[in-house]
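Let me begin by presenting the structure, written as structure tokens, before commenting on it.
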2 protein chains.
Amino acid sequence: MRASLAEKGVALTPRRAKLLEVLVASDRHPSVGEIHEEVRRYFPSTSLATIYNTIELLKETGQVLEIEFSGAANRYDGRIPQAHPHLICVECEKIEDLEMVEPSEPLEAISAATGYRLVNRRTDYYGVCPQCQAREGGQQQAPQSLP
Amino acid sequence: MRASLAEKGVALTPRRAKLLEVLVASDRHPSVGEIHEEVRRYFPSTSLATIYNTIELLKETGQVLEIEFSGAANRYDGRIPQAHPHLICVECEKIEDLEMVEPSEPLEAISAATGYRLVNRRTDYYGVCPQCQAREGGQQQAPQSLP
DNA sequence: TAACAAATTAGAATGGTTCTAAAATCTCTC
DNA sequence: GAGAGATTTTAGAACCATTCTAATTTGTTA
């Protein structure tokens with residue numbers, strides 16, 4: 001797992017190891033800011049640039065899945081770095097893995113039908129989680145920055 | 001179609017009408033910048049803010065689908081404003097509608113299984129389109145800003 | 001025509017991400 | 001070990017799509 005960094009000729013420095021640990025330990029799909037905060041608890045001088053740089057490395061070696069947002073910070077999944085469906089609460093911005101069935105069409109079928117060389121897939125379901133529904137007691141929702 | 005704006009108590013001004021026309025006439029899933037450019041050909045003084053404001057109105061009335069990106073400008077689908085799968089070329093940033101089967105699980109099933117009140121869905125397939133594959137003759141790809 | 005509301009504008013502000021140049025750290029050879 | 005050269009890290013500037021703000025313009029109604 002961590003060996004794939006070595007293959008690229010880059011070192012697994014203490015900061016990078018800690019970042020990877022934070023990423024794998026969390027099921028919250030943390031943002032760069034949250035990762036930064038956490039890594040800083042062990043290496044207080046760590047800069048944001050290092051977090052971004054390291055995540056870039058991890059993306060290149062397929063060890064982290066990036067979930068992009070336009071109005072909010074990107075989020076990262078270090079537990080299941082392969083594309084898989086997510087369940088996203090537009091209220092509290094919680095992101096959960098969705099264990100249910102994969103989208104029906106396999107990449108190969110779509111590739112064959114369209115001529116695209118497919119490299120990735122994204123499937124998100126947006127809604128309001130049970131906790132947020134309970135908190136607002138059926139009323140309408142507040143401003144939201146995730147779709 | 002355009003009546004839904006009236007119901008909100010907002011006027012269908014010439015700029016807004018042109019924007020809607022541009023949106024429906026294009027199958028390219030244009031960005032705000034492209035829409036701006038196009039509207040400007042008819043109303044040269046149009047500001048970016050107006051494009052953003054109008055798109056916000058259209059989103060609220062469900063007349064446009066926003067496709068968000070973190071590293072690039074958002075794109076808009078005014079032809080099929082309901083959530084549907086897209087095929088995205090990571091090279092030339094072309095976006096096509098994918099007519100194939102919807103992801104298997106209906107929203108209701110996921111809603112029932114998870115307790116979420118679902119409001120939206122996103123399904124994207126990322127790859128290299130046939131034209132870009134031909135252009136690069138099998139070599140590796142250049143920098144890209146879409147996932 | 002006057003008065004009020006809605007729409008539009010230009011430009012500033014925001015915020016996540018990327019870039020840059022310099023400082024710090026590591027590695028390898030002698 | 002000491003020193004040269006590469007890698008890593010840092011702080012802060014730069015970037016850019018988007019949002020906000022205050023002022024101007026346009027439209028509507030009396």
Side-chain angles (χ1 to χ4, degrees), chain A residues 2 5-20 22 29-61 64 66-76 93 95 142-147, chain B residues 2 5-20 29-40 42-61 64 66-76 93 95 142-147:
Chain A
R2 313 190 168 189
L5 278 183
E7 284 169 17
K8 280 206 81 190
V10 304
L12 182 62
T13 64
R15 277 160 168 73
R16 288 177 180 167
K18 173 54 74 180
L19 189 155
L20 196 47
V22 166
H29 303 81
S31 66
V32 160
E34 289 163 346
I35 297 169
H36 186 212
E37 231 173 274
E38 203 61 30
V39 172
R40 252 186 206 269
R41 299 178 50 171
Y42 298 85
F43 302 99
S45 71
T46 309
S47 83
L48 257 183
T50 296
I51 309 293
Y52 278 105
N53 290 342
T54 305
I55 284 185
E56 181 61 27
L57 287 177
L58 295 177
K59 280 199 290 178
E60 285 168 11
T61 55
V64 69
E66 183 174 56
I67 310 171
E68 295 197 24
F69 296 101
S70 131
N74 292 349
R75 307 280 286 270
Y76 297 89
E93 310 201 338
I95 298 183
Q144 66 200 36
S145 64
L146 292 189
Chain B
R2 314 192 168 189
L5 278 183
E7 283 168 18
K8 280 205 82 190
V10 304
L12 183 62
T13 64
R15 278 160 167 73
R16 287 176 180 168
K18 174 53 74 180
L19 189 154
L20 197 46
H29 302 81
S31 66
V32 162
E34 288 164 347
I35 297 169
H36 187 211
E37 232 173 273
E38 204 62 30
V39 172
R40 254 186 205 269
Y42 299 84
F43 303 99
S45 72
T46 308
S47 82
L48 257 184
T50 295
I51 309 293
Y52 278 105
N53 290 341
T54 305
I55 284 185
E56 180 60 27
L57 286 177
L58 295 177
K59 281 199 289 176
E60 284 168 12
T61 55
V64 69
E66 184 174 57
I67 311 171
E68 295 197 24
F69 297 101
S70 132
N74 293 349
R75 306 281 287 270
Y76 297 89
E93 310 201 337
I95 299 183
Q144 64 201 36
S145 64
L146 293 189

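Naming convention: chains lettered A, B, ... in sequence-line order (proteins, then strands); numbering from 1 in each chain. All values reported here derive from a predicted model rather than from experimental measurement.
Two residues are said to be in side-chain contact when any heavy atoms from C-beta on lie closer than 4.5 Å; B:I35 and B:V39 meet this criterion. Within the 4.5 Å cutoff, no side-chain heavy atoms of B:N74 are placed close to those of B:V32. Between B:Y76 and B:H29, the closest side-chain pair of non-hydrogen atoms is not below 4.5 Å. The shortest distance between side-chain heavy atoms of A:L19 and A:T50 does not fall below 4.5 Å.
Read 5' to 3', the first and last nucleotides of DNA chain D with an atom closer than 4.0 Å to a heavy atom of chain B are D:dA17 to D:dC20.
Judged purely by distance below 3.5 Å, without hydrogens or angles, the side chains of A:R15 and A:S45 pair a donor atom with an acceptor atom.
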- Any chance you could lay out the salt bridge (charged side-chain N to carboxylate O under 4.0 Å, His left out) test for A:R41 and A:E38, step after step, and finish with the verdict? CA-CA 5 Å; A:R41 299 178 50 171; A:E38 203 61 30; 3.5 Å; yes
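The existence of a salt bridge linking A:E56 and A:K59 is confirmed by a sub-4.0 Å separation between a basic side-chain nitrogen and an acidic carboxylate oxygen.
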- Query: What does nucleotides 5-21 of chain C look like as a protein-contact string, B for base, S for sugar-phosphate only, - for none, at under 4.0 angstrom between heavy atoms?
  - Reply: --SSBB-----SBBB--
